[in-house]
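What follows is a short report on a single structure.
In each ligand, atom 1 is the first atom listed, and ligand 1 is the first ligand listed. Note that the structure is predicted; figures quoted are calculated from it, not measured. Just the heavy atoms: all of them, side chains too, but no hydrogens, waters or symmetry mates, feed the values below.
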Amino acid sequence: MAIAGKRGTEVLRDPSLNKSTAFTEAEKQALGLIGLVPDVTETQDLQLQRVNLQLGQKPTDLERYIYLINLLDHNETLFYSTIMSDPAHFLPIVYDPTIGEACLKFGHIYRQPRGMYLSMARRGKVKEVLRNWPERDVRFICVTDAGRILGLGDLGANGMGIPIGKLQLYTACAGVPPQYLLPMYLDAGTNNEQYLHDPLYLGVRKTRPSSDELYSFVDEFVQAVQEVFPKCCIHFEDWTGVDAVHLLQRYRDKYCVYNDDVQGTAGIVLAGMINAAKIKVKNLSDEKYLFLGAGSAGIGLADLLCSAMVEEGLSLTQAQSRVYMFDINGLLEESRTDLEDFQKPYAHKHAPTRDFVAAIDSIRPTTIIGVSTVGGTFTQKVIEAMSRINERPVVLALSNPTDHAECTPEQAYTWSKGKAIYAAGVQFPPVRLNGQTFLPGQANNFYIFPAIGMAIFSTQASRVTDEMFIEGARAVADQVPSDLLNQGLLYPLQSNILETEIQTAARVAKLAFDSGLARVARPADVVGFIRDHVYKPEYKLETARSTVA
Ligand code: NAI
């Protein structure tokens, strides 16, 4: 007898079938497992207790990350039941901020392959490479060339940790079944000298090619995906800002693609802005925005924010006139000659300046948004300037990992004397100030891209649109209870993330049906339809006993 053609040690070596110490006597008998596993039959709860015991003995989060990835390599169900048992505790271990450290050391902590490595040396052969993947129905490829990993720069092949982690969040946060997910590193070399000289580095030891060469290889990849995995959505992640925006423009109207750094970040920050405006009893279009950073995250957000203001009744030009940006060379303004096309709508008439505080004093924004990758750039003077001109200054310090945040919540609340409405890109603990407790929210994309993913997965939507991210943002914002909103919390609690994402996915799925992008019939109950698609981290063998033959 066999399951999926496997028995004995083959079952134990397949992480999607392995139950470790939870096989029943009947399963052990049927599958030739007697003697290969201990004689007990443990419940999943007991297995979870052992996992937690072992995790508790690990000295650092990086060690816990390595342990959990190892668990995933052996027992996928137990891995996901662990993460989903306490998302607020485990998400920072499997994803941000631990993932940043895991990527920096990826070649050193590497144990076994996960996902696919597609190097530019395979030009002309991409379809053949994709066909080596064992699953035929792939619904999401998360692909990076690791040009800009988190705020850490060019990490080359070490960036593979990111697509692996991102796709785990599709499952852990929104219940997209793991067998449909394919992490991919598109190896275009690296300009990271340290890795080029590290004997344990796992990527091609070449510097990066020109944009034209890179884009023509990405063209081949995107077209090959359409043929090999026709229902697949391509999720671009952690490319450099310029590549991210250009590649999105290149494919978004032709294929089912999106870029999480551009659209996911934009969506989740927009959710925070919607709630900040709610606290102030204002609309988005009443606010004025100044960005520190005009890369992929900044531009994506500015564009989506403008679309949302247009939905509120402004013209596009009026919406853009409410958004200013500042980058490494100072304020984006009309006389700048170094701007990309996609930055120009935000370069208004203004005297050149490299002084952010002076820009605040002259532009008088109500909201500042840090997407600069540089920690500490929202100085005391910046926060004080914002507090001078605003009753409730909105301060979004989004760069990550933790030490890249433009300011900490403690700094924002202290320097603004408790007036700031604050969120960060990473999770900070609550802050006590003058007898009051403030709850800094985490503008983390994981509230939104897994939900968008679930909506696309379940409806088989043919395109990913900005309207989906705006609707996702509204859905996330609507799920913060008013008592928490009053304590300054802009985002829902992570402890209930699966339910939050199911509700968000349902609203986005409704939009996909309304806009004719869905490729399945519209169900009467869309929330129930989403629930029917949700992966549950429960062992299948016993229920699938009829298939044991
Ligand atoms: P990017 O590299 O495309 O852009 C960075 C921008 O910051 C550029 O415009 C650059 O000129 C500017 N910049 C750099 N140093 C500066 C300085 N000292 N002063 C002013 N501007 C400066 O990076 P990307 O993709 O836009 O990401 C930016 C940050 O946003 C990263 O730290 C990333 O971790 C964070 N992010 C946060 C997310 C979240 O969930 N909160 C999601 C995606 C990105």
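- Scanning the protein heavy atoms around atom 29 (C) of ligand 1, the nearest turns out to be S399 OG, 3.4 Å.
- With rounding to the nearest 0.5 angstrom, the CE atom of M160 is 5.0 Å from the CD1 atom of I164.
- Of the inter-residue distances, the one linking L398 atom CG with L301 atom CG reads 8.0 Å to the nearest 0.5 angstrom.
- The residue from G147, G375, G293 that puts a heavy atom closest to atom 12 (C) of ligand 1 is G293.
- Taking the six-membered ring where the residue is Trp, Y324 and H348 present perpendicular rings, their angle passing 60° and hence far from 30°.
- Ion pair D361/R388 flagged as a salt bridge, since at least one NZ, NE, NH1 or NH2 atom sits closer than 4.0 Å to an Asp/Glu carboxylate oxygen.
- Looking only at distances, no side-chain donor or acceptor of D478 sits under 3.5 Å from a matching main-chain atom of A475.
- Counting only heavy atoms of the protein, atom 11 (O) of ligand 1 lies nearest to I328 N, 3.2 Å.
- Taking all heavy atoms of A297, G153, A294 into account, the minimum distance to atom 26 (O) of ligand 1 is reached by A297.
- In this structure, atom 39 (C) of ligand 1 lies nearest to the protein heavy atom N445 OD1, 3.2 Å.
- Y170 and F457 have their aromatic ring centers separated by at least 6.0 angstrom.
- Counting the atoms of ligand 1 from 1 in the order shown, those under 4.0 Å from a heavy atom of V374 are 15 (N), 16 (C), 18 (N).
- Looking at heavy atoms from C-beta onward, F236 lies out of side-chain contact with Y258 at the 4.5 angstrom threshold.
- Residue R148 touches ligand 1 through its side chain alone, judged by heavy-atom distances below 4.0 Å.
- Considering only non-hydrogen protein atoms, atom 3 (O) of ligand 1 sits nearest to S296 N, 3.1 Å.
- The shortest N or O to N or O distance between N400 and ligand 1 is under 3.5 Å.
- Near L292, the atoms of ligand 1 lying under 4.0 angstrom from a non-hydrogen atom of the residue are 20 (C).
- Proximity of I268 to ligand 1, defined as any heavy-atom pair under 4.0 Å, is not found for any part of the residue.
- Regarding atom 14 (C) of ligand 1, its nearest protein heavy-atom neighbour is S372 O, 3.2 Å.
- Using a 4.0 Å cut-off between a side-chain N of Lys or Arg and a carboxylate O of Asp or Glu, D154 and R208 qualify as a salt bridge.
- Of the protein's heavy atoms, V371 O, 3.8 Å lies nearest to atom 5 (C) of ligand 1.
- Protein heavy atom at the shortest distance from atom 36 (N) of ligand 1 is L398 O, 4.1 Å.
- Counting heavy atoms closer than 4.0 Å to ligand 1, residue T265 contributes side-chain atoms (C-beta onward) but none from N, CA, C or O.
- A salt bridge between D355 and K381 is absent, with no side-chain N of the basic residue lying under 4.0 Å from a carboxylate O of the acidic one.
- Taking a cut-off of under 4.0 Å to the non-hydrogen atoms of G241, the atoms of ligand 1 that pass are 3 (O).
- Close contacts between ligand 1 and G295 involve ligand atoms 1 (P), 3 (O), 4 (O), 6 (C), 8 (C), 9 (O), 26 (O) [criterion: under 4.0 Å to a heavy atom].
- Residue-level proximity to ligand 1 for A443 is carried by the backbone, the only part with a heavy atom below 4.0 angstrom.
- The protein heavy atom nearest to atom 31 (C) of ligand 1 is T373 CG2, 3.5 Å.
- Residue E333 holds its CD atom at 10.0 Å from CZ of F326, rounded to the nearest 0.5 Å.
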Could you give me the CA-CA distance, side-chain angles and deciding distance for Q479 and E499, then say whether side-chain hydrogen bond (donor to acceptor under 3.5 Å, both in side chains) is met?
-> CA-CA 10 Å; Q479 293 181 74; E499 187 54 29; over 6 Å; no

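- Within the 4.5 Å cutoff, no side-chain heavy atoms of Y413 are placed close to those of K419.
- In the vicinity of G425, heavy-atom distances shorter than 4.0 Å reach the ligand 1 atoms 41 (N).
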